[in-house]
Visitor: 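Let me give you the structure first, and then I'll get to my questions.
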Amino acid sequence: MKLIHYISTRYSLYTILLAILSVPLFYLLVQRIMMYNLDESLGYQKNWIQKKLETGPPEDFTSYNNSVIIVPTKDTVVRDSFYNKDIFIPDDDEMVKHRVLESVIGVNGVYYSLQIQKSMLEDMDLVQSISALQFVFILFLLAGLFLINRNLSRNILRPFQDTLRKLADYRVDKHQTPQFERTAIQEFGELNRSLDALLLRNATLYKAQKEFTENAAHETQTPLAIIQSKLDLLLQTRVNGEQAGLIEELTISIRKLQKLNRTLLLLTKIENNQFPETESIDIKTVVMHTADQFADMVTEKQIQLETGPMETCRVEANGPLIDILVSNLFSNAFRHSTSGGTIRMSLTQHTFTVSNTTSGSALNGEQIFQRFQKQSMDSRSMGLGLEICKQICELYGHQLQYRFLEQQHYFSVSFLSAS
């Protein structure tokens, strides 16, 4: 939800709640005030009639529509009673609500039953009119809030939206620092200045890491190559069996170190996004090419290679990285398969899956994608293959998942942007 919509929703809910509560409360309050004024007016009229009865008979107070009725009574208890009553008005041909005062009054030792009726129609119309005006006022208030919030979204929040748009397009490897729009809002200005400083630090760190990667690739590989070359020359000289064994062990270690160095440098490059070149890649072609590369090894280990559905799947990515992704998944399946086992590959429009049978148990799903977490006893494994697969998938927004079902390991890659 956008910020302006979030704020507008809160304002609107508060205003609607206020309207729901205030309109009936306002109506009841005005009605109570009206009743109080009616009762007070009826009380004044009763006192006036009582004074007039001291000088004249009750017949002198005959009123239109019998709004005042005075008759002698045997009741000697002086009292007042107020209530509402619907009375039919012939001229209007309708029932009209009246406020009625019934009272017993004593005048010169004679007691009279007094009834005074007063129409509430005009007062009720006034209350309803005032309530309707209040309701219309609240509607105008809601409309005003909507227009003000829309104006805020278009004008005041425009620099903030410009900042979000430029941050979404920013790439540290492009060496282009975005220029944020100037704004009169203090908070947005501070945000832009903080982002400028943050992006500058990131660009500096990226440059330092890239230089380190390039220097490490050059400075480390050269000494290792020299050592490997010297060991090869040493093997060509006269050495005894014990020395030849030591040299061979050193050669194996050097080669493993060279492979580890290349793998770590590859991980560093992936994490630093140093593979900006992308192209449209046919995953089916990559999968079939990888299967051909492992064909001899699969045959030698007596593993049956099965191919499931192979649909067309194309993604935008760096070609060598996709080759490494598919190759590492296949190599992992090959390493965890026992002799006589089965490796199965399948490809749908959005998902590539590699599975292999095993006599062991499920792998640790929380650790298999972590660096240097070896899940096999193979001395050639460095525990970096699945870590590289994970980093490649995260680079392009794909999902890498592991499942264990019916003594089979399943690794699947969901290409979310596949076409």
Side-chain angles (χ1 to χ4, degrees), residues 9-148:
T9 302
R10 267 55 185 177
Y11 277 139
S12 300
L13 290 176
Y14 174 74
T15 306
I16 293 172
L17 179 62
L18 187 63
I20 293 174
L21 295 177
S22 65
V23 171
L25 286 175
F26 180 79
Y27 176 83
L28 293 174
L29 179 61
V30 173
Q31 188 181 50
R32 184 179 180 86
I33 295 174
M34 181 195 71
M35 291 296 182
Y36 175 80
N37 290 333
L38 280 174
D39 292 348
E40 190 176 36
S41 176
L42 290 172
Y44 289 149
Q45 189 173 355
K46 184 201 80 168
N47 293 334
W48 180 81
I49 291 174
Q50 187 173 5
K51 290 180 180 180
K52 290 298 181 179
L53 284 174
E54 295 176 355
T55 59
E59 290 77 9
D60 294 343
F61 299 95
T62 302
S63 61
Y64 178 72
N65 279 343
N66 295 322
S67 61
V68 178
I69 301 175
I70 304 175
V71 294
T73 181
K74 295 180 180 181
D75 191 354
T76 59
V77 179
V78 178
R79 66 181 187 277
D80 292 334
S81 176
F82 295 92
Y83 60 89
N84 297 332
K85 181 180 180 181
D86 291 329
I87 300 175
F88 181 76
I89 306 299
D91 292 342
D92 296 333
D93 193 27
E94 64 178 350
M95 301 294 291
V96 177
K97 188 177 289 294
H98 283 67
R99 187 67 171 170
V100 180
L101 166 60
E102 282 191 356
S103 178
V104 175
I105 58 176
V107 179
N108 299 325
V110 181
Y111 289 90
Y112 298 93
S113 173
L114 172 64
Q115 185 181 87
I116 306 175
Q117 304 169 356
K118 189 168 185 179
S119 173
M120 298 172 57
L121 182 61
E122 294 182 358
D123 295 320
M124 290 299 295
D125 289 343
L126 178 62
V127 172
Q128 292 173 359
S129 298
I130 294 175
S131 300
L133 286 174
Q134 187 191 27
F135 182 74
V136 172
F137 168 76
I138 291 176
L139 287 180
F140 275 105
L141 178 62
L142 283 173
L145 287 174
F146 172 78
L147 293 175
I148 291 173

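These figures come from a predicted structure and were not determined experimentally.
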Visitor: Supply the atom-to-atom distance Arg79 CZ to Ile105 CD1, rounded to the nearest 0.5 angstrom.
Guide: 12.0 Å

Visitor: To the nearest 0.5 angstrom, please state how far the CD atom of Gln115 sits from the CD atom of Glu102.
Guide: 5.0 Å

Visitor: If you count every heavy atom of other residues, nucleotides or ligands that lies below 6.0 Å from Tyr44 atom OH, does the total exceed 12?
Guide: no

Visitor: Of all the heavy-atom pairs spanning Ser81 and Tyr83, show the shortest one and how long it is.
Guide: OG-CD2, 4.0 Å

Visitor: First locate atom CG of Leu53, then atom CG of Leu114, and finally report the distance between them rounded to the nearest 0.5 Å.
Guide: 8.0 Å

Visitor: Is the count of non-hydrogen atoms from other residues, nucleotides or ligands lying under 6.0 Å from Phe82 atom CZ greater than 12?
Guide: yes

Visitor: When rounded to the nearest 0.5 angstrom, what is the spacing between CG in Leu42 and CG in Leu38?
Guide: 6.5 Å

Visitor: Looking at Lys46, Arg99, His98, which one forms a side chain to side chain contact (heavy atoms under 4.5 Å, CB included) with Ile116?
Guide: Lys46

Visitor: OG/Ser113 to NZ/Lys74 distance, rounded to the nearest 0.5 angstrom?
Guide: 14.0 Å

Visitor: How many angstroms lie between atom NZ of Lys118 and atom CG of Leu101, to the nearest 0.5 angstrom?
Guide: 11.5 Å

Visitor: May I ask you to test the Asn37-Ile33 pair for a side-chain heavy-atom distance under 4.5 Å?
Guide: yes

Visitor: Is there a side-chain contact between Val68 and Gln45 in this structure, where contact means two heavy atoms from C-beta onward sitting under 4.5 Å apart?
Guide: yes

